[in-house]
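See below for the structure under consideration.
In what follows, residues are counted from 1 in the order of the sequence shown. As a basis for the values below, the full set of heavy atoms in this structure was taken, side chains included, without hydrogen atoms, waters or symmetry mates.
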Amino acid sequence: MTATSEPVFVRELPGAQTPRWGYWIRFGESGIAPGDEDGILQLPGEWPEQAMALGMWRDLPVAMVHEQGDTNWPPARDWLARLPGAQADLLATALQVNAWSRDHRFCGRCGSPMSRLTHEFAMQCQACGHRSYPRISPCIITLVTHGRDLLLARNARFPARRYSTLAGFIEPGETAENAVRREVHEEVGVDIGRVRFFRSQSWPFPHSLMLGFFAEAASRRIRIDGVEIADAAWFTPRRLPELPPSHSISRQLIETHLSAVAMR
């Protein structure tokens, strides 16, 4: 295996005794500040008082700070599209910790104020002791195929010509494989045969974990739900619509299938 020189983000909190000094990320209300090294990281220095530790970067602590910010700062989605892998992992963590810390300032059990623990990602109630951890919502995202062809759909919120794979949240008590079959049938009315896992991707908008699957259609008849899905169609590898961005697991599913059928 070839070694990589890219620094790895380590999710190991520095703890209460570590000086509040190191790399940091500046979150604004509408974007994230450019850093000093062609990315999102500010050069090592003393952290502002409201900084929240995220882990270690290049063997130094790294934190995030939420502030008013500048309207010209690029949004998180733009950063994720162009950051190298390790910084993208760091940004995904920072986005979810930022949303969690803002949404869990008060206890969901008794309503009292919550305090951040220094040794783990947890908020603890000052009154009843209830702990809250960052929320992670598992979702399935599925490329449905029939031979060489791909079933792609356009969500009502998508740009006019963009089509993507099908996705949805896993419901309580449901397996990921059953969620694939349910979501595909609900959204486009297609029954599924074989289901095969691909890979996962953190999607911090605001706290999703995308579980990618390939699914073989048992039939080609489409019946869209008319609510989430505005349109769906079968496409051949030589006739494709506008596709999702390259950093998304949806695009990775599509590209993997296209590479596989091109070699047949």
Side-chain angles (χ1 to χ4, degrees), residues 7 9-58 60-108 111-127 130-137 157 159 201-210 245 247-248:
F9 167 53
V10 179
R11 292 176 180 84
E12 179 180 327
L13 294 177
Q17 304 306 315
T18 302
R20 293 179 59 79
W21 186 94
Y23 293 99
W24 50 299
I25 304 169
R26 299 175 65 192
F27 273 78
E29 292 296 328
S30 59
I32 299 170
D36 296 314
E37 293 186 335
D38 194 28
I40 56 173
L41 287 162
Q42 307 298 316
L43 288 177
E46 184 176 353
W47 294 343
E49 182 179 352
Q50 72 272 29
M52 295 187 68
L54 299 171
M56 306 294 289
W57 179 270
R58 293 181 180 171
L60 287 178
V62 60
M64 53 142 290
V65 175
H66 193 97
E67 56 187 273
Q68 184 63 36
D70 191 312
T71 56
N72 293 322
W73 290 355
R77 289 177 186 268
D78 289 359
W79 280 116
L80 278 177
R82 65 185 196 232
L83 285 175
Q87 280 205 35
D89 288 347
L90 173 59
L91 176 56
T93 301
L95 285 166
Q96 294 192 60
V97 170
N98 182 53
W100 163 66
S101 64
R102 300 185 76 185
D103 294 346
H104 291 81
R105 293 175 296 164
F106 298 94
C107 179
S112 299
M114 302 282 274
S115 299
R116 171 77 188 271
L117 300 183
T118 58
H119 63 283
E120 62 177 337
F121 290 123
M123 304 277 274
Q124 182 160 314
C125 178
Q126 300 173 15
H130 174 66
R131 286 191 182 183
S132 169
Y133 296 88
R135 176 179 174 183
I136 299 174
S137 301
R157 299 186 301 272
Q201 181 185 50
S202 173
W203 193 250
F205 300 106
H207 38 61
S208 296
L209 175 63
M210 309 301 293
H247 66 281
S248 67

Here the gap from Met64 atom CE to Leu41 atom CG, rounded to the nearest 0.5 Å, amounts to 13.0 Å

Would one find more than 12 heavy atoms of other residues, nucleotides or ligands at under 6.0 Å from atom CD of Glu46?
no

Rounding to 0.5 Å, atoms CE (Met114) and NE2 (His104) come to a distance of 7.5 Å

Does the side chain of Leu80 reach to within under 4.5 Å of the side chain of Pro204, using non-hydrogen atoms?
yes

Smallest heavy-atom separation, Arg11 atom then Asp89 atom, equals NH2-O, 3.8 Å

Here the gap from Ile25 atom CD1 to Leu91 atom CG, rounded to the nearest 0.5 Å, amounts to 6.5 Å

Exercise. Hey, is the main chain of Gly28 close enough, under 3.5 Å, to the side chain of Trp73 for a donor-acceptor pair?
Worked result: no

Closest heavy-atom pair, Pro44 versus Leu60, reported as atoms and distance to 0.1 Å, is CG-CD1, 3.9 Å

For His130, the side chain to side chain donor-acceptor pair (under 3.5 Å) test, sequence neighbours excluded, returns Arg109

Note: Gly39 and Leu83 closest approach over all heavy atoms is CA-CD2, 4.1 Å

Q.
Does atom CZ (Arg135) have a neighbourhood of more than 12 heavy atoms from anything else shown, all under 6.0 Å?
A. no

Walk me through whether Leu117 and Arg131 qualify under side chain to side chain contact (heavy atoms under 4.5 Å, CB included). CA-CA 9 Å; Leu117 300 183; Arg131 286 191 182 183; 3.5 Å; yes

Between the OG atom in Ser137 and the CE atom in Met210, the distance rounded to the nearest 0.5 Å is 10.5 Å

Worksheet item: Do other residues, nucleotides or ligands put more than 12 heavy atoms under 6.0 Å from the CD atom of Glu12?
Response: no

Tightest non-hydrogen contact, residues Phe9 and Val62, listed as CE1-CG1, 4.0 Å

Heavy-atom closest pair (Ile32 atom, Trp79 atom, distance to 0.1 Å) is O-NE1, 3.0 Å

* With side chains defined as the heavy atoms from C-beta onward, is the minimum distance between Gln126 and Ser115 less than 4.5 Å? -> yes

Scanning both residues in full, the closest heavy-atom pair of Leu54 with Ala94 reads CD1-CB, 3.7 Å

(Q) Quick check on Glu120: does its CD atom have over 12 non-hydrogen neighbours (other residues, nucleotides or ligands) under 6.0 Å away? (A) yes

So CH2 of Trp203 and CD of Gln96: to nearest 0.5 Å the spacing works out to 12.0 Å

Original post:
So with a 6.0 Å cut-off around CZ of Arg82, is the heavy-atom count from everything else above 12?
Top reply: yes

For Phe121 and Trp100, take the angle between the two ring planes, folded into 0 to 90°, and tell me which bin it lands in: parallel under 30, tilted 30 to 60, perpendicular over 60. perpendicular

ask   = Looking only at atom types and distance, does a side-chain atom of Arg20 sit under 3.5 Å from a main-chain N or O of Glu49, one as donor and one as acceptor?
value = yes

**Message:** Checking Gln68 against Glu29 for the side chain to side chain contact (heavy atoms under 4.5 Å, CB included) test, could you report, in this order, the C-alpha distance in whole Å, the side-chain angles of both residues, the deciding distance, and whether it holds?
**Reply:** CA-CA 6 Å; Gln68 184 63 36; Glu29 292 296 328; 3.7 Å; yes

Rounded to the nearest 0.5 Å, the OH atom of Tyr133 sits from the CE atom of Met123 at a distance of 12.5 Å

>> Tell me whether Gln201 contacts the main-chain N or O of His247 through its side chain, where contact means a donor paired with an acceptor under 3.5 Å.
In response: yes

